[in-house]
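Below is one structure; the comments refer to it alone.
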Amino acid sequence: MTVVVFGSINMDIVTRCRHHPHIGETIHGDSVTFYPGGKGANQAIASAKAGAETHLLGVVGKDAFGTQLLDYLRNNGVLVDNILQIELPTGIAAINVADDASNTIVVVAGANGETKASPSIIQALEHPVGLAQLETPIKEVAHFFSLIKGANGVTILNPSPYQPIEKSLLQVTDILILNEVEFSKFAGLSGNIDATNAAHILGNMECDISCLIVTLGRDGCVVKTNNSVEYIKGVPCKAIDTTGAGDCFAGVFAASLNDGRTYCSAAERANRAASISVTRAGAGPSMPEQAEIDI
Ligand code: RIB
């Protein structure tokens, strides 16, 4: 099986600062660094480094960032034949990372807004694992998933940044991966869930999805399948930058299904990988190698 990621490719402009500025406040930052990013690109790198043959379907600009990002993806083992370069600026993310490793992110889609699902690569694959997020047009994500289902594949949606998911998209989604904030919105809860109430809330929830995973940051994740709810503990680590940790989880989870693991075993491996990624700066560059995950 092959993993096909449909998604965004950004250049991340990352400032490190002691704390996040308040509205109307100007603060001094400690550094600024340009890192490869974008949820689609990060997930594809995570999947490829975890050992899966991984294609990325996406769009970058015909500019210096676009060319740099294509080279970076290629050098990290991602198959880039289905990434277009067009006459729009490459997507940008302005990211602040504070001393407590938390981040705020503003994304400007640029060329990502033109990402379209094309049948050519997918029709040639047998039982592909399709993975998508929501930094590209949601209508195209639904089309991508219907193509994956047409090839008897499995579809994984990481609805981030969150927007309401229409029934037509849910109908072609097999697995949902959300963080605690996204899950609260998805389930219409008034508060967030955490490690103390997650398994209980998920256990009582009616849901047609084959597998629903809620990631809980340092507290691990909960995996709900048709017949079980399992809590997987977080792996202790010293986080310096949480940017891309959710992408690491999604990409390694997809790669692990590709390996024939169960949902819970794939989530355990993804949880381990994400705990490594938060110990490194940047999103794309923080994705661990297979040998680091499977020690
Ligand atoms: O999930 C982290 C990613 O979100 C960053 O790399 C940034 O590009 C935004 O897409």
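Please read all numbers here as calculations on a predicted model, not as lab measurements. In this chain, residues are counted from 1 in sequence order. Numbering of ligands and ligand atoms starts at 1, following listing order.
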**Item:** Atoms of ligand 1, numbered as shown, that sit under 4.0 Å from any heavy atom of Asp12
**Value:** 5 (C), 6 (O), 7 (C), 8 (O)

**Asked** In terms of ring plane angle, is the pair Phe183 and Phe186 parallel, tilted or perpendicular, where the classes change at 30° and 60°?
**Response** tilted

**Prompt:** Taking only heavy atoms of Lys39, which atoms of ligand 1 are found under 4.0 Å from at least one of them?
**Reply:** 1 (O), 2 (C), 3 (C), 4 (O), 10 (O)

**Prompt:** Are Asp219 and Lys233 ion-paired here, with the side-chain N under 4.0 Å from a carboxylate O?
**Reply:** no

**Complete:** Heavy-atom proximity to atom 9 (C) of ligand 1, picking from Glu135, Gln43, Met11, points to Glu135

**Message:** Quick test of your reading: applying salt bridge (Lys or Arg N to Asp or Glu O under 4.0 Å), list the pairs with at least one residue in residues 268-294, sequence neighbours left out, ordered by first then second residue.
**Reply:** Lys49-Glu289, Arg269-Asp294, Arg272-Asp294, Arg280-Glu292

**Item:** Under 4.0 Å to a heavy atom of Asp247 - the qualifying atoms of ligand 1, by number
**Value:** 1 (O), 2 (C), 3 (C)

**Request:** For Ala93, take its heavy atoms, then give the atoms of ligand 1 lying under 4.0 Å from any of them.
**Result:** 7 (C), 8 (O)

**Prompt:** Distance only, no hydrogens: is a donor on one side chain within 3.5 Å (strictly under) of an acceptor on the other, for Asn152 and Glu126?
**Reply:** no

**Message:** Distance under 4.0 Å to a non-hydrogen atom of Ala283: what atoms of ligand 1 satisfy this?
**Reply:** 6 (O)

**Any N or O of Asn10 closer than 3.5 Å to N or O of ligand 1** = yes

**Message:** Check this for me - ligand 1, Gly38, N or O atoms closer than 3.5 angstrom, yes or no?
**Reply:** yes

**Request:** Would you check if there is a donor-acceptor pair between the side chains of Gln133 and Ser160 at a distance under 3.5 Å?
**Result:** no

**Request:** Starting from atom 3 (C) of ligand 1, locate the nearest protein heavy atom and write down its residue, its atom name and how far away it is, to 0.1 Å.
**Result:** Asn42 ND2, 3.7 Å

**Under the ring-ring contact (aromatic ring centres under 6.0 Å, His included) test, residues paired with Phe144 that sit two or more places apart** = Phe6

**Prompt:** Which of the numbered atoms in ligand 1 are below 4.0 angstrom from a heavy atom of Gly37?
**Reply:** 6 (O), 8 (O)

**Message:** Ignoring hydrogens and geometry beyond distance, is a side-chain donor-acceptor pair present between Thr2 and His55 at under 3.5 Å?
**Reply:** no

